[in-house]
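Taking it in order: structure first as structure tokens, then the write-up.
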Amino acid sequence: MSGNREIHLASRPQGWPTAENFRLVTTEVPTPGPGQLVVRNRFISVDPYMRGRMNDVKSYVPPFALDAPLDGAAVGEVLASEAEGFAPGDTVLHGLGWREYALLDARAARKIDPDLAPVSAYLSVLGMTGLTAYAGLLDVAAMRPGETVFVSGAAGAVGSMVGQIAKLRGAGRVIGSAGSPAKVERLRALGFDAAFDYHDGPVYRQLKAAAPDGIDVYFDNVGGEHLEAAIGAMNLHGRAAICGMIAQYNATEPPAAPRNLALLIGKRLTLRGFLVGDHNHLREQFVRETAGWLRDGKLSYDETVVDGIEHAPEAFLGMLRGENLGKMLVRV
């Protein structure tokens, strides 16, 4: 072990982040104290919500500190343990990514079964990503069999799960938007009834063509023009689960859309934002049902993997630009 390489936040972005906002720092490999573990990270997650934490503003989670390592979901192998119930060689899920070696209290780690699925799956289909899709669609938006569902950012890690779960739970029609012809084709291969590239024309026009009878549920990963189009297309008593608004994460001016919020009144619509952490009561049900779908070959998931901790900023920036198919991960 020549050292512990970490990615620090060097400066706060103004608009779109750049490589200059990050710094690769080498520190000593930590030693665990009582009740602690040292974990050799194998995979780390980069996620859209991390962009908001780079701003020094009050939010539902504290901002990243300057000149300190970023953090986020990671899965790795216990290297050393001073905690009861954990031994070297155990595979754990925890929240101190963006570094090669993590020192953490044992209560902040959760043992996982590497024989159930590839360990990277615990950062995607069996992890926060999958639970976000499951809870947002079924609990927040309360999708019912036979309904029409529209998913924005549908080729991403969450969106691709939403569309498949909707079909598995009996949706009548599932529509997805994505950012390239290849992603549109992938959505069709995953079982979406219709998909379109939002670069090909106004979203509202393409959505109207894909859902001539309107939509009942909208799962929002994008915001902006997509949200406006969904509001316009919603049937009476439609519901939207607002998971993310990546279209405005790097904006320096207020968004222009949606401009049709008055439609919420006459259509009696429900737009509900949510955080996955509020739905941990569904975790056991989610893992049990999702693992069954995976075992039976009914559910597929995609990963885009970038190798090397030094390339984590590049992976994060690529994810914000939509270069990933499915979950963006860094193999440490």
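Not measured: the values here are computed from a predicted model. Both backbone and side-chain heavy atoms feed into the values below; hydrogens, waters and symmetry mates do not.
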Item to check | Plane angle bin for Phe22 and Trp98 - parallel if under 30°, tilted between 30 and 60°, otherwise perpendicular | outcome: parallel

Heavy-atom distance under 4.5 Å between the side chains of [X] and [Y], does that happen here?
X      : Y      : answer
Met128 : Val276 : yes
Arg51  : Asn55  : yes
Phe150 : Leu207 : yes
Arg12  : Leu66  : yes
Arg40  : Val332 : yes
Ile7   : Pro69  : no

Checklist entry - Can you name the residues that form a salt bridge (charged side-chain N to carboxylate O under 4.0 Å, His left out) with Arg295, not counting sequence neighbours? => result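 Scan of Arg295 (salt bridge (charged side-chain N to carboxylate O under 4.0 Å, His left out), adjacent residues dropped) gives none.
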
Next on the checklist: According to salt bridge (charged side-chain N to carboxylate O under 4.0 Å, His left out), who are the partners of Lys208, at least two apart in sequence or on a separate chain?
Outcome noted: none

Quick check against the 3.5 Å criterion: does [X] have a side-chain atom that pairs as donor or acceptor with the backbone of [Y]?
X      : Y      : answer
Lys58  : Pro63  : no
Arg99  : Glu6   : no
Asp296 : Trp293 : no
Lys183 : Gly322 : yes

What's the separation between atom [atom1] in [X] and atom [atom2] in [Y], rounded to the nearest 0.5 Å?
X      : Y      : atom1 : atom2 : value
Leu269 : Leu263 : CG    : CG    : 7.5 Å
Leu138 : Met143 : CG    : CE    : 6.0 Å
Leu79  : Tyr101 : CG    : OH    : 6.5 Å
Leu131 : Met161 : CG    : CE    : 13.0 Å
Arg110 : Leu93  : CZ    : CG    : 5.0 Å
Gln206 : Ile175 : CD    : CD1   : 11.5 Å

Checklist entry - Is there a path from Leu325 to Ile246 through hydrophobic residues (I, L, V, M, F, W, Y) whose side chains come within less than 4.5 Å of each other? => result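 No, it is not one cluster - the side chains of Leu325 and Ile246 are not joined through contacts under 4.5 Å.
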
Checklist entry - Among the clusters formed by ILVMFWY side chains lying less than 4.5 Å apart, do Leu103 and Val25 turn up in the same one? => result no

Item to check | Residues clustering with Val57 (ILVMFWY side chains joined when closer than 4.5 Å, directly or via others) | outcome: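 Via sub-4.5 Å side-chain contacts, Val57 links to none.
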
Checklist entry - Quick one: hydrophobic cluster around Val78, which other residues, with the 4.5 Å side-chain cut-off, linked directly or via members? => result Leu37, Val39, Phe86, Val92, Leu96, Leu104

Would you say the side chains of [X] and [Y] form a donor-acceptor pair under 3.5 Å?
X      : Y      : value
Lys327 : Ser45  : yes
Glu225 : Tyr204 : no
His226 : Glu228 : no
Asp220 : Tyr218 : yes
Ser120 : Glu303 : yes
Asn221 : Ser152 : no
His237 : Asp216 : no

Sequence neighbours excluded, which residues qualify as side chain to side chain contact (heavy atoms under 4.5 Å, CB included) partners of [X]?
X      : result
Ile265 : none
Val306 : His311, Ala315, Met328
Val140 : Ala241, Arg272, Phe274, His279
Pro181 : Asp197

Checklist entry - Would Arg42 and Glu100 satisfy salt bridge (Lys or Arg N to Asp or Glu O under 4.0 Å), going step by step from the backbone distance to the final call? => result CA-CA 8 Å; Arg42 297 303 182 193; Glu100 291 178 311; over 6 Å; no

Locate the shortest heavy-atom distance separating [X] from [Y]; write the atom from each residue and the value.
X      : Y      : answer
Gly95  : Asp71  : O-CB, 3.4 Å
Glu82  : Gly33  : CB-O, 3.1 Å
Pro258 : Ile231 : CB-CD1, 4.2 Å
Cys243 : Thr132 : SG-CG2, 3.5 Å
Pro32  : Ala80  : CG-CB, 3.9 Å
Gly176 : Ala154 : CA-CB, 3.7 Å

Residues in ring-ring contact (aromatic ring centres under 6.0 Å, His included) with [X], at least two apart?
X      : value
Phe316 : none
Tyr301 : none
Tyr122 : none

Item to check | salt bridge (Lys or Arg N to Asp or Glu O under 4.0 Å) evaluation trace for Glu289 with Arg169 | outcome: CA-CA 11 Å; Glu289 191 166 10; Arg169 280 298 198 94; 3.0 Å; yes

Using a cut-off of 6.0 Å, state whether more than 12 heavy atoms not belonging to [X] lie near its atom [atom1].
X      : atom1 : answer
Lys298 : NZ    : no
Arg205 : CZ    : no
Glu310 : CD    : yes

Item to check | Residue from Asp67, Asn21, Thr18 passing side chain to side chain contact (heavy atoms under 4.5 Å, CB included) with Ser11 | outcome: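 Going through the options one by one, the only one that passes is Asn21.
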
Checklist entry - On the ring face of Phe43, is Arg331 found with NZ or CZ under 6.0 Å from the centre and within 45° of the axis? => result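 Negative - Arg331 is either too far from the ring of Phe43 or too far off its axis.
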
Next on the checklist: Strictly by ring pair (Phe, Tyr, Trp, His ring centres under 6.0 Å), give each pair with a member in residues 54-81 just once, sequence neighbours left out.
Outcome noted: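 Pairs touching residues 54-81 that pass the test: none.
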
Next on the checklist: Please evaluate residues Lys167 and Asp193 with respect to the criterion salt bridge (Lys or Arg N to Asp or Glu O under 4.0 Å), reporting the C-alpha separation (whole Å), side-chain torsions for both, the decisive distance (0.1 Å), and the verdict.
Outcome noted: CA-CA 9 Å; Lys167 294 298 289 185; Asp193 297 291; 2.9 Å; yes

Checklist entry - Could you walk me through whether Leu137 and Val151 pass the side chain to side chain contact (heavy atoms under 4.5 Å, CB included) check? => result CA-CA 10 Å; Leu137 177 70; Val151 188; over 6 Å; no

